[in-house]
Amino acid sequence: MAKKIKTFRPKPRVPKGLRDEMAADVIGQRKMLAAIAHVYELYGFDPLETSGLEYSDAMGKFLPDADRPNQGVFSFQDDDDQWLSLRYDLTAPLARFVAENYDALPKPFRRYQMGPVWRNEKPGPGRYRQFTQVDADTVGTPSMAADAEMCMLMCDAMEAIGIERGDYEVKVNNRKILDGVLERIGLNLEDPDNQVQRLTVLRAIDKLDRLGEEGVERLLGEGRKDESGDYTEGAKLSPEQINAVMSFVRAGNEARSAVCDQLAAIVGESEIGGEGVSELREIDTLLSAAGYGADQVVFDPGIVRGLEYYTGPVWEIDLTFETIGEDDTLARFGSVGSGGRYDGLVERFKGVRVPATGCSIGVSRLYAALKALGKTDESGARGPVVVLVMDASETAGYQTMVQELRKSGIRSELYLGGSGMKAQLKYADRRGASIVVIEGEDEREKGELTLKDLILGSEMSKDIEDNKAWREDQPAQVSVKRADLVSGVRSLLDRYKGNENL
RNA sequence: GCCGCCUUAGCUCACCCGGUUAGAGCGCUAGAUUGUGGAUCUAGAGGUACCCUGUUCAAGUCAGGGAGGCGGUACCA
């Protein structure tokens, strides 16, 4: 008796928080990345590619975060029971790589790396569980010149991909200044009892651009309830402490050196704070000497960034232009990259303190912004020249044509399906092909080919309503001798040179 | 992590108070058109109503749970 066997049919679906990327976006991003890589190499950074997986212990957190010890990482055990994790950024693998090859590497060591990273967390608007980062880091120097260079690098990268000056802004702060301010209000760095409160204060400051001064004040005090009803516990500072922090946050909006003066006054005689201010002054001097003005890099006390390991200057690159989204509201892209100085990273492995500084750019967000600006280059996403199969017994001849085109560097393909001419043209249209090559019996007898310009034909169709006319006109077709296949196709293609997104 | 909204054809969405065979537009396939992508007309294919459990004579519709999507918030290395 044949039993009805239920065949298991998996639902085809991309896993949550992940997505597939189609040709146009793949090509557009590839070009954007190439432009960025070019800038990085100009600066002397060498490319490095590390593995996507690391031993979990090598990627552990660098400082304990009280809130969530080791969440957000995809991990599994291999057959030796070793724990492996997908990398969640490119900096931890760099630290491992440097520690592992420490003696063999030139120091300072400069590398850039681009590639996907994975985070096991809830996806949100514009946030995925796999995304691409581009990092550049200099390991092994305490010099502020390395930090200043990171700022320049990010500016140059923005301009290289077509984001104009004024549409981006690198915002710089220094963790030492933040420490100085906290010290002044009585939250000393050394005292472990202050840790949670210190983190809360820093997080509150970081939210200035989104919540405004009032929201930050609430978070510094009792706490804040948001629209969805969720309550965020505050730092429980006294009114005097809140005032001190707010006056710090309000500094800025002036020339870099003037911001430094303000900050110097706020940190007072705090030693760590003073150190932070003089580091900023040094960066200012270097940037100014290199011609990077206030329209590119500013000092902004509201920048905090991650709380785990930054030890000195920190920065963030923001896109400042506004776009009209699909729902007609103005939208800002905001931060597309960040970085800073992290002097403690390699120490986990080597026991010695190795000063390092770097930056990281988030590719998808940046690409979305480029798209909004209409600055993406998706040419090449255009389909190939398609050679139609009018007579299956002549396939070898058609194949020969395709090879001739390919040898001349023209992207082309033979129609490989089994349908009739109408369907083949539809296919070519769907593929975005600009030209089809037709050799039927009529042409073959005359030793000719018909080349059909699909782009021009599509333009012409706008003015033709009558199907008979549309067909009889055989719009946008030319005949060429069989021997002139390549030159004929090329001269048609040349029409669209430099206008490839038509 | 917390809060809210959502999930029906490839896509965008209907289906009233739970009641027969779940519909439309677009798209797709084909014909009108012997060898021409658009337009027009005609025909056709396409569904486990996200999954599980329950209530009911009866569930796409009601209840509970789960998954996924969207948005806010938290976190963001």
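Worth knowing before you read on, the calculation uses all heavy atoms, side chains too, and leaves out hydrogens, waters and symmetry mates. What you see is a predicted model; the values in this text were computed from it and never measured. Throughout, protein chains are lettered first and strands after them, A, B, ... in sequence-line order, and every chain is numbered starting at 1.
When the ring-ring contact (aromatic ring centres under 6.0 Å, His included) test is applied to Phe109(A), the partners found at least two apart in sequence or on another chain are Phe97(A). Gln241(A) pairs by the side chain to side chain donor-acceptor pair (under 3.5 Å) definition with Ser238(A), not counting sequence neighbours. For Asp453(A), the side chain to side chain donor-acceptor pair (under 3.5 Å) criterion is met by Arg495(A), Tyr496(A), not counting sequence neighbours. With sequence neighbours left out, Asp57(A) forms a side-chain contact (heavy atoms from CB on, under 4.5 Å) with Tyr55(A). The side chain to side chain donor-acceptor pair (under 3.5 Å) search around Glu441(A) returns none, not counting sequence neighbours. Listed by chain and number, the residues in a side-chain contact (heavy atoms from CB on, under 4.5 Å) with Met421(A) are Leu388(A), Met390(A), Leu425(A), Ile438(A) (sequence neighbours excluded).
Nucleotides rC76(B) and rC50(B), compared at atom C1', are 31 Å apart to the nearest Å. Separation of the C1' atoms belonging to rG37(B) and rU29(B) is 16 Å when rounded to the nearest angstrom. Look at the C1' atom in both rU33(B) and rU42(B): the space between them is 13 Å, to the nearest Å. Across the C1' atoms, rG60(B) and rC16(B) are found 14 Å apart, a figure rounded to whole Å. With P as the reference atom, rA9(B) and rA14(B) are 12 Å apart, rounded to whole Å. Straight-line distance between the C1' atoms of rU20(B) and rG44(B): roughly 25 Å, to the nearest whole Å. Across the P atoms, rG27(B) and rU12(B) are found 15 Å apart, a figure rounded to whole Å. Comparing rG47(B) with rG23(B), their C1' atoms sit 11 Å apart, to the nearest whole Å.
Nucleotide rA77(B) holds its C1' atom 17 Å from the CG atom of Asp343(A), rounded to whole Å. Atom-to-atom, CD of Gln424(A) to P of rU29(B) comes out at 13 Å; the value is rounded to the nearest Å. Regarding Arg19(A), its CZ atom lies at a distance of 15 Å from the C1' atom of rC70(B), rounded to whole Å. With rounding to whole Å, Ile205(A) atom CD1 is found 15 Å from rA74(B) atom P. The CZ atom of Arg96(A) sits 17 Å away from the C1' atom of rA77(B) (whole-angstrom rounding). As rounded to whole Å, 12 Å separates atom P of rA77(B) from atom CG of Leu202(A). Computed from coordinates, the Tyr128(A) OH to rG69(B) P distance equals 10 Å when rounded to whole Å. One atom, CD of Glu121(A), and another, C1' of rC76(B), lie 6 Å apart when rounded to the nearest Å.
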Considering only distance and modelled atom types, tabulate donor-acceptor pairs under 3.5 Å from the side chains of residues 350-359 of chain A, sequence neighbours left out.
residue   : atom : partner   : partner atom : Å
Arg353(A) : NH1  : Glu347(A) : OE1          : 3.2
Thr357(A) : OG1  : Asp147(A) : OD2          : 2.8
Thr357(A) : OG1  : Gly340(A) : O            : 3.4

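Nearer to the 5' terminus of RNA chain B, by closest-nucleotide assignment, is the contact made by Leu18(A) (compared with the other of Leu18(A) and Arg119(A)). Nearest-nucleotide mapping onto RNA chain B: of Arg129(A) and Ala423(A), the residue sitting toward the 5' end is Ala423(A).
In textbook terms, a nucleotide whose glycosidic angle is within 90° of 0 is syn, while rC11(B), being further out, is anti.
Between the side chain of Gln477(A) and the backbone N or O of Lys452(A), no donor-acceptor pair lies under 3.5 Å.
Contacts classified as ring pair (Phe, Tyr, Trp, His ring centres under 6.0 Å) and involving residues 415-462 of chain A (residues at least two apart or in different chains) are given here: Tyr415(A)-Tyr427(A). Within the structure, the salt bridge (charged side-chain N to carboxylate O under 4.0 Å, His left out) test picks out the following pairs touching residues 210-221 of chain A (sequence neighbours left out): Glu213(A)-Arg250(A), Glu214(A)-Arg218(A).
Side-chain atoms of Gln113(A) and Thr50(A) include a donor-acceptor pair closer than 3.5 Å. Between Thr311(A) and Arg341(A), the side chains place no donor N or O within less than 3.5 Å of an acceptor N or O (distance only, hydrogens not considered).
Nucleic acid contact class of Gly339(A) (heavy atoms, under 4.0 Å, all strands): none.
Within residues 206-221 of chain A, the residues that have a heavy atom under 4.0 Å from RNA chain B are, in order of number, Lys207(A), Arg210(A).
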* Given the rule in the salt bridge (charged side-chain N to carboxylate O under 4.0 Å, His left out) test, do Glu316(A) and Lys171(A) qualify, once you have shown the distances and angles that lead to the verdict? -> CA-CA 5 Å; Glu316(A) 180 176 299; Lys171(A) 297 175 172 173; 5.2 Å; no
* Structure fact -> Heavy-atom contacts, protein to nucleotides 34-42 of chain B, under 4.0 Å, summarised as B (base), S (sugar-phosphate only) or - (none) per nt, yield -BBBBB---
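A sub-4.0 Å separation between OP1 or OP2 of rC76(B) and a side-chain N or O of Arg203(A) is present.
Side-chain proximity of Lys16(A) to rA77(B), rC2(B), rG69(B): nearest is rG69(B).
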* Structure fact -> Read 5' to 3' with Watson-Crick or G-U pairs under 3.5 Å, [ ] for crossing pairs and | for partners on another strand, RNA chain B gives (((((((..((((.....[...)))).(((((.......))))).....(((((..]....))))))))))))....
